[in-house]
Colleague: 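Quick one: the structure is below, questions incoming.
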Amino acid sequence: MKTYKLTAFEANGEKLLDESLQAGNDEAAKKQGEQLLREKQLLEKTHRLTSPCGKLLLFHS
């Protein structure tokens with residue numbers, strides 16, 4: 001399992017979410033990240049999901 005980092009922000013820079021996710025691969029991490037954002041109603045907020053090697057998997061501004 002790899003550790004991925006998911007963060008979401010308000011427009012003013014306030015951090016709304018700062019979570020670490022465990023997933024076997026990038027695709028599984030993307031699904032997990034999208035689900036978490038959906039549950040917390042943060043899909044329309046600025047967010048990003050990065051892989052352990054720094055690859056940007058999800059991004060919305």
Side-chain angles (χ1 to χ4, degrees):
M1 294 293 248
K2 299 176 186 174
T3 302
Y4 295 81
K5 190 72 168 180
L6 178 65
T7 52
F9 302 89
E10 278 289 1
N12 66 4
E14 176 189 354
K15 196 180 291 187
L16 301 172
L17 181 71
D18 189 4
E19 298 270 337
S20 293
L21 308 174
Q22 295 289 317
N25 60 48
D26 291 354
E27 196 58 39
K30 280 176 67 172
K31 288 179 184 176
Q32 199 175 352
E34 287 173 339
Q35 180 63 32
L36 186 59
L37 290 166
R38 192 173 293 108
E39 287 172 8
K40 296 188 180 279
Q41 299 178 341
L42 296 172
L43 272 175
E44 297 305 315
K45 299 289 185 180
T46 300
H47 62 264
R48 67 179 174 230
L49 175 67
T50 56
S51 72
C53 65
K55 183 177 175 184
L56 191 59
L57 303 176
L58 286 177
F59 181 77
H60 177 75
S61 63

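Computed over heavy atoms, backbone and side chain alike; hydrogens, waters and symmetry mates excluded.
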Colleague: For Glu39, I'd like to know if atom CD has over 12 heavy atoms of other residues, nucleotides or ligands within 6.0 Å.
Modeller: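 Buried by this count: over 12 neighbours within 6.0 Å.
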
Colleague: Do Leu56 and Arg48 make a side-chain contact, defined as non-hydrogen atoms from C-beta onward lying under 4.5 Å apart?
Modeller: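 Touching, per the 4.5 Å side-chain cut-off.
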
Colleague: What do the steps show when you test His60 against Lys45 for side-chain contact (heavy atoms from CB on, under 4.5 Å), and what is the final call?
Modeller: CA-CA 7 Å; His60 177 75; Lys45 299 289 185 180; over 6 Å; no

Colleague: If I take atom CD from residue Glu19 and atom OG1 from residue Thr3, how far apart are they, to the nearest 0.5 angstrom?
Modeller: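 So the gap between those two atoms works out to 12.5 Å.
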
Colleague: Determine whether His47 and Leu42 make a side-chain contact, defined as any pair of heavy atoms from C-beta on separated by less than 4.5 Å.
Modeller: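 Side-chain contact under 4.5 Å: no.
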
Colleague: If you compare all heavy atoms of Lys2 against all heavy atoms of Pro52, which two are closest, and at what distance to 0.1 Å?
Modeller: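 Reported closest heavy-atom pair: CB-CG, 3.7 Å.
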
Colleague: Measure the CG-CG distance between Leu6 and Leu37 for me, rounded to the nearest 0.5 Å.
Modeller: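 The CG atom of Leu6 sits 4.5 Å away from the CG atom of Leu37.
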
Colleague: Below 4.5 Å, heavy atoms only, C-beta onward: do Ser20 and Tyr4 meet side chain to side chain?
Modeller: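 In short, these two side chains do not touch, never coming nearer than 4.5 Å.
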
Colleague: Heavy-atom count around Lys5 NZ within 6.0 Å, excluding the residue itself: above 12?
Modeller: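 For Lys5, atom NZ is crowded (more than 12 foreign heavy atoms under 6.0 Å).
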
Colleague: If two hydrophobic side chains count as joined below 4.5 Å and joins carry through other members, does Leu43 share a cluster with Phe9?
Modeller: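 The answer is no; the residues belong to distinct hydrophobic clusters.
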
Colleague: Looking at NZ of Lys40 and CD of Gln35, how far apart are the two atoms once the value is rounded to the nearest 0.5 Å?
Modeller: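 Reported to 0.5 Å precision, the distance equals 11.5 Å.
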
Colleague: Quick one: does Leu58's side chain get under 4.5 Å of Glu34's, heavy atoms only?
Modeller: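 A side-chain contact under 4.5 Å exists here.
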
Colleague: Does the side chain of Leu49 reach to within under 4.5 Å of the side chain of Leu21, using non-hydrogen atoms?
Modeller: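 Counting from C-beta outward, Leu49 and Leu21 do come under 4.5 Å.
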
Colleague: Restricting to non-hydrogen atoms, name the atom on Gly24 and the atom on Met1 that form the minimum distance, rounded to 0.1 Å.
Modeller: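 Scanning both residues completely, I find the closest heavy atoms to be N-SD, 3.6 Å.
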
